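What follows is one structure encoded as structure tokens, with my remarks underneath.
Just so it is clear, the structure is predicted and the values come from calculations on it, not from any experiment.
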Amino acid sequence: MKIATWNVNSVKARLGHVVDYLAEAKPDILCLQELKCLDEMFPRSEIEDTGYNVVTHGQKTYNGVAILSRHPIEDVVRGIPNFEDAHSRYIEAVISNGDLTCRIASIYLPNGNPVEDGKSEKFQYKLAFMDALHAHAQDLLALEEVSVLAGDYNVIPNAVDCYAPEAWRDDALFRDETRAAFRRIKNLGFVDAYELLNPLGTDSYSFWDYQAGAFQKNNGIRIDHHLLSPQAVDRLKSAHIDKHMRAREKPSDHVPVVIELSA
């Protein structure tokens, strides 16, 4: 089962890229973030015409997450259970290809900036979201299923995951509190799939800003992750980044990150 995650930074603006990617990469599952549209405005027919089923949790202008699948989608959950959230940032479902059944989540974690010494409303919301995700991740582990928490975490886990760590020291993506909250989720028993199988560094970035020729200079960061339950780790075959999508005309500032699980 091939599972990709991609912050498309507006599904309408990037629809051509999404359709092309589905045809080229043929993932079993594609988790999308930052749709920037309501559910009824999602280009459902265009995606379904490519052979994919669609579930969305949209929001006007901002946020929004979706799961696209070549297989039936069941048991859909919109929003983190037991967490009141006005924003559409989490969707979860169960998907089976006949050989493997996987519980998959598409996550768009809050950015959290500006930080304002860690006291800003936006940064506190980021940490509250991560606490809620931690609690739900703990519940998912108790199910002893193949679970994949995929998405744009807006977390730079390690200094090596950033082209200039000192420049990001006080950014919400790299604050000590943010990285500690990410580690707490991992310490439950989840594993960062890409980190497990690949050396980290200049070839592992998944995001490049639109400004100042960041992509051409490879001034990137790694913030798009798959966290796997132990049952998923046992089946992990590969993990890679489809960096070429950033070189296309009018691209998203993120690129797809892809894992493959065996049956």
Notebook entry, point to check: Are any of the side-chain heavy atoms of Lys122 and Asn113 separated by less than 4.5 Å?
Noted result: no

Check: Is Val115 close to Asp117 at the side-chain level, that is, under 4.5 Å between some pair of heavy atoms?
Finding: no

When you measure from the side chain of [X] to the backbone of [Y], do you find a donor-acceptor pair of N or O atoms at a distance under 3.5 Å?
X: His226; Y: Ile3; result: yes
X: Asp242; Y: Pro256; result: no
X: Lys126; Y: Pro110; result: yes
X: Ser147; Y: Ser229; result: no
X: Gln33; Y: Asn7; result: yes

Notebook entry, point to check: Do Asp39 and Thr56 have side-chain N/O donor and acceptor atoms under 3.5 Å apart?
Noted result: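 Side-chain D/A pair, Asp39 to Thr56: present.
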
Next item on the list: Assess the side chains of Asp224 and Trp6: does a donor N or O sit below 3.5 Å from an acceptor N or O?
Entry: no

Notebook entry, point to check: What pair of heavy atoms forms the shortest contact from Cys102 to Met1, and how long is it?
Noted result: CB-SD, 3.8 Å

Please determine whether a side-chain nitrogen of the Lys or Arg among [X] and [Y] lies less than 4.0 Å from a carboxylate oxygen of the Asp or Glu.
X: Glu260; Y: Lys2; result: no
X: Glu46; Y: Arg44; result: no
X: Glu24; Y: Arg248; result: yes

Note to self: Going by side chain to side chain donor-acceptor pair (under 3.5 Å), Glu92 matches just one of Arg103, His57, Arg78. Which one?
What the structure shows: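 The passing option is Arg103.
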
Check: Relative to Tyr205, does Arg222 satisfy both conditions: NZ or CZ under 6.0 angstrom from the six-membered ring centre, and within 45 degrees of the ring's axis?
Finding: no

Next item on the list: Answer yes or no for Arg169 and Phe174: cation-pi contact, defined as NZ/CZ to six-membered ring centre under 6.0 Å and angle to ring axis within 45°.
Entry: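 No, cation not above the ring by the 6.0 Å, 45° rule.
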
Next item on the list: Could you walk me through whether His225 and Phe182 pass the ring pair (Phe, Tyr, Trp, His ring centres under 6.0 Å) test, one step at a time?
Entry: CA-CA 11 Å; His225 312 297; Phe182 188 72; 5.3 Å; yes

Notebook entry, point to check: With a cut-off of 6.0 Å (strictly less than), are more than 12 heavy atoms of other residues, nucleotides or ligands near CG of Asn198?
Noted result: yes

Check: Under 6.0 Å between ring centres, would you say that holds for Tyr90 and His136?
Finding: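 Ring-ring flag for Tyr90/His136: true, centres closer than 6.0 Å.
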
